[in-house]
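No hydrogens, no waters, no symmetry mates; every other heavy atom, side chains included, goes into these values.
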Amino acid sequence: MKPIKRLSSGFSLAEVVLAIGICSVALMSLIGVLGVSLSAERDSARDTALTAMSSQIVARLSKQPFDELLKSVGSASAPQRETAPCQMPVLSSTLTPKACCSPTPVTQMS
């Protein structure tokens, strides 16, 4: 019988396991950062859209004469506010604040 020659080329099992472990830790950290970056991108896109809409509203309002703005504000039908016994303004259709008042609807005060 001839002796078998061992070749010393290649990777040992320990080296392969260590390389897979390092790659998995790096991959998991990248996946964690991906979620945060997607959330930040979504928030940024929403903020950009809101800024554009508010700029359009301000531009539209700045083109109107001030007298027309006063007329439109005066004609708007806003719900009337009343003052609860604890001096906190609440809408008449809602309950009074729990912190300082009883949980009963506010009635018309004279």
Seminar exercise, completed: Apart from L18 itself, members of its ILVMFWY cluster (side-chain separation under 4.5 Å) are I22
Exercise. Tell me the salt bridge (Lys or Arg N to Asp or Glu O under 4.0 Å) pairs involving residues 54-69, sequence neighbours left out?
Worked result: none
Problem set entry | Remaining members of the apolar cluster that contains F11, side-chain heavy atoms under 4.5 Å | V16, I20
Problem set entry | Residues forming a side-chain contact (heavy atoms from CB on, under 4.5 Å) with S12, sequence neighbours excluded | A14, E15
For this session: Mark yes or no for whether S55, through its side chain, and T51, through its backbone, hold a donor-acceptor pair below 3.5 Å.
Result: yes
Exercise. Given a cutoff of under 4.5 Å between side-chain heavy atoms of I, L, V, M, F, W and Y, with clusters grown through shared members, what are the other residues clustered with L50?
Worked result: M53
Exercise. Does the S39 side chain pair with the main chain of V36, one donor and one acceptor, at a distance under 3.5 Å?
Worked result: no
Problem set entry | Pairs flagged by salt bridge (Lys or Arg N to Asp or Glu O under 4.0 Å) wherever residues 29-44 is involved - sequence neighbours left out | D43-R46
Problem set entry | Residues that L30 engages under side-chain contact (heavy atoms from CB on, under 4.5 Å), provided they are two or more places apart | none
Exercise. What heavy-atom pair brings S62 and A59 nearest, and what distance separates the two atoms?
Worked result: OG-O, 2.9 Å
